[in-house]
Amino acid sequence: LVYQVYENGTGAAIAESVAQEYSSVLAMTFAEEIFPPECYERYVNGYIYSLTDRETGFVLDCLVDFLATIQVRAKVVVPIVFGEKLWGLLITHQCSGPRAWKKAEIQLLQSLGNQVAIAIQQSLLYQRLSQELVERTKAEQQLLSLAQLQQGILDGANYIIISIDVQVVILTFNRMAEELLGYRAEEVINQCTPLLFHDPEEIQARASRLSEELNRPIDPKSIDVFTLAALHQNAYESEWTYIAKNGDRFPVHLSVTALRDENHNPIGFVGIASDLRQQKQLETERQTLDFVVKNSTEFIVITDLDQKII
């Protein structure tokens with residue numbers, strides 16, 4: 001039978017092969033006194049115990065009674081050891097009567113014990129790897145669900161949302177960015193920088209201005225005008241001109257925020273831009289109306305929907 005030793009000193013037979021006329025010990029849990037701590041130390045060091053006859057051999061009284069209960073007259077006990085830890089015991093019982101164990105038999109059982117140790121160790125390793133695989137798969141599914149949720153939030157926003165890494169390469173490009181700029185996400189993610197849709201002359205002008213503010217040279221052909229300002233101010237907001245794939249130009253209000261890790265080191269940047277075309281158009285119409293009102297020679301009254309003068 002194979003007997004597993006638990007950490008609390010108790011143990012149980014977890015596998016056995018026994019003749020029908022003798023008692024089974026499978027599923028029985030044995031008290032700590034059946035396997036005292038001093039026995040543990042001996043077996044860890046490779047000790048092999050053989051008993052010819054429980055009636056004449058040196059056996060503790062409590063063990064004699066126990067062996068009689070399970071109908072055992074002779075036995076051999078071989079340790080199952082992993083490294084420096086005793087996992088359990090490989091035990092052979094002679095139930096029909098006494099038995100003088102031969103050296104070859106003991107050596108065979110010792111060899112079987114070593115093979116059982118290897119088999120159990122491989123089984124435990126397989127179980128651990130299987131559990132790790134299950135946990136990893138579960139974690140990947142959770143990350144995928146989170147990524148899908150995040151992408152859904154990004155795509156549902158009415159703003160252009162673009163994130164970049166510290167190498168300023170685009171990492172995310174939401175649906176509104178695709179619609180307004182005309183590029184597909186797969187065209188730009190991990191391939192392009194935001195310089196793709198910015199006005200070079202505008203960047204050069206801003207770089208010159210930022211150089212004066214920070215008292216350091218700024219490359220007018222780089223994305224530093226955004227990243228350095230965001231790092232310096234934590235969040236940077238300004239009006240810019242975006243150029244779509246088809247050449248259309250439109251104004252945006254751009255907010256750039258630095259993303260940092262737990263040690264406050266920058267790991268990337270996220271830019272959120274709102275299309276200002278409608279706002280600019282309304283402002284132009286308001287200015288036109290204001291000009292007409294102020295310069296008209298006619299009497300003009302403007303009311304709201306409730307006919308109240310505004």
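Small disclaimer: the values here were computed from a predicted structure and weren't measured.
Residues Leu181 and Val168 share a hydrophobic cluster, clusters being chains of Ile/Leu/Val/Met/Phe/Trp/Tyr side chains in contact below 4.5 Å. When the side chains of ILVMFWY residues are joined at heavy-atom separations under 4.5 Å, either directly or via intervening members, Leu108 and Trp101 end up in a single hydrophobic cluster. Following chains of ILVMFWY side-chain contacts shorter than 4.5 Å, one cannot reach Leu196 starting from Ile243, and the two form parts of different hydrophobic clusters. Ile118 is not connected to Leu124 by any chain of hydrophobic side-chain contacts under 4.5 Å among Ile, Leu, Val, Met, Phe, Trp and Tyr, and they are in different clusters. Both Val270 and Tyr159 belong to a single network of hydrophobic side chains, linked directly or stepwise wherever heavy atoms of I, L, V, M, F, W or Y lie under 4.5 Å apart.
A distance of 12.0 Å separates CG of Asn190 from CD of Glu186, quoted to the nearest 0.5 Å. The CD atom of Gln127 sits 12.5 Å away from the CD atom of Gln122 when rounded to the nearest 0.5 Å. Atom OG in Ser24 sits 11.0 Å away from atom CD in Gln71 (nearest 0.5 Å). Rounded to the nearest 0.5 Å, atoms CG (Leu259) and CD1 (Ile267) are 5.5 Å apart. Rounding to the nearest 0.5 Å gives a distance of 9.0 Å between CG of Leu133 and OH of Tyr126. If you take OG on Ser96 and CZ on Arg73, they are separated by 9.0 Å, rounding to the nearest 0.5 Å.
Side-chain contact between Leu195 and Ile223: present, with at least one pair of heavy atoms (C-beta onward) separated by less than 4.5 Å. Met176 has its side chain out of reach of Ile161: every pair of non-hydrogen atoms, C-beta onward, lies at least 4.5 Å apart. Under the 4.5 Å side-chain criterion, counting only non-hydrogen atoms from C-beta, Ile48 is in contact with Pro79. At least one side-chain heavy atom of Leu51 sits less than 4.5 Å from a side-chain heavy atom of Leu67. Side-chain contact between Leu89 and Val78 is absent, with no heavy-atom pair separated by less than 4.5 Å. Between Arg216 and Leu228 there is a side-chain heavy-atom pair separated by less than 4.5 Å. Using a 4.5 Å heavy-atom threshold, the side chains of Thr193 and Ile170 count as separate. With a 4.5 Å cut-off on side-chain heavy atoms, Ile164 and Pro194 count as touching.
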(request) Any chance you could lay out the side-chain contact (heavy atoms from CB on, under 4.5 Å) test for Glu178 and Tyr183, step after step, and finish with the verdict? (result) CA-CA 5 Å; Glu178 290 184 315; Tyr183 296 96; over 6 Å; no
(request) Verify side-chain contact (heavy atoms from CB on, under 4.5 Å) between Tyr3 and Val5, making sure each step is shown before the conclusion. (result) CA-CA 7 Å; Tyr3 176 87; Val5 178; 3.8 Å; yes
(request) Give the intermediate values and the outcome of side-chain contact (heavy atoms from CB on, under 4.5 Å) for residues Cys192 and Val169. (result) CA-CA 6 Å; Cys192 302; Val169 175; over 6 Å; no
(request) Run the numbers on Asp219 and Lys221 for salt bridge (charged side-chain N to carboxylate O under 4.0 Å, His left out), then give the verdict. (result) CA-CA 5 Å; Asp219 185 356; Lys221 296 181 180 180; over 6 Å; no
(request) With side chain to side chain donor-acceptor pair (under 3.5 Å) as the test, would you mind laying out the steps for Gln279 and Glu283 before giving the verdict? (result) CA-CA 6 Å; Gln279 180 179 330; Glu283 179 63 21; over 6 Å; no
(request) Decide salt bridge (charged side-chain N to carboxylate O under 4.0 Å, His left out) for Glu213 and Arg209; before the verdict, give the C-alpha distance in whole Å, the side-chain angles of both, and the deciding distance to 0.1 Å. (result) CA-CA 7 Å; Glu213 293 177 4; Arg209 190 185 311 166; 5.6 Å; no
(request) Evaluate salt bridge (charged side-chain N to carboxylate O under 4.0 Å, His left out) for Glu239 paired with Lys280, printing each intermediate quantity in order. (result) CA-CA 12 Å; Glu239 184 175 320; Lys280 293 284 187 180; 3.0 Å; yes
(message) Please determine whether salt bridge (charged side-chain N to carboxylate O under 4.0 Å, His left out) holds for the pair Glu105 and Arg99, giving the CA-CA distance in whole Å, both sets of side-chain angles, and the decisive distance to 0.1 Å.
(response) CA-CA 11 Å; Glu105 292 176 325; Arg99 179 167 180 166; 2.4 Å; yes
(request) Given side chain to side chain donor-acceptor pair (under 3.5 Å), test Asp261 with Asn263 step by step and report yes or no. (result) CA-CA 5 Å; Asp261 61 17; Asn263 297 317; 4.7 Å; no
(request) Evaluate side-chain contact (heavy atoms from CB on, under 4.5 Å) for Leu90 paired with Leu112, printing each intermediate quantity in order. (result) CA-CA 8 Å; Leu90 177 63; Leu112 289 174; 3.8 Å; yes
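Contact detail for Ile203 and Ser222: the closest heavy-atom pair is CG2-O, 3.9 Å. The shortest non-hydrogen separation linking Lys245 to Gly182 is CD-O, 3.4 Å. When all heavy atoms are compared, the tightest approach of Leu276 to Val252 is CD1-C, 3.6 Å. Considering all non-hydrogen atoms of both residues, Pro266 and Leu231 come closest at CB-CD2, 3.9 Å. Considering every non-hydrogen atom in both Leu180 and Phe250, the closest pair reads O-CE2, 3.6 Å. Between Val72 and Lys75, the shortest heavy-atom contact is CG1-CB, 4.3 Å.
Between His93 and Tyr22, the distance from one ring center to the other does not fall under 6.0 angstrom.
Residue Glu132 places its CD atom among more than 12 non-hydrogen atoms of other residues, nucleotides or ligands, all under 6.0 Å distant. The number of heavy atoms from other shown groups lying within 6.0 Å of CZ (Arg136) does not exceed 12. In Glu21, the CD atom is crowded: over 12 heavy atoms of neighbouring residues, nucleotides or ligands sit closer than 6.0 Å.
Here the rule is side-chain contact (heavy atoms from CB on, under 4.5 Å) with Leu109, and of Asn114, Thr92, Ile91 only Thr92 fits it. For the side-chain contact (heavy atoms from CB on, under 4.5 Å) with Pro220, the qualifying choice from Arg206, Gln204, Glu201 is Gln204, the only one to do so.
Classified by interplanar angle (parallel below 30°, tilted 30° to 60°, perpendicular above 60°), the ring pair Phe82/Trp87 is tilted. Between Phe173 and Phe197, the ring-plane angle classifies as tilted under the 30° and 60° cut-offs. Aromatic ring pairs are classed by plane angle as parallel below 30°, tilted from 30° to 60° and perpendicular above 60°; the pair Phe226 and Trp240 is tilted.
Without hydrogens or angle criteria, Ser211 side chain to Ala207 main chain gives a donor-acceptor distance under 3.5 Å.
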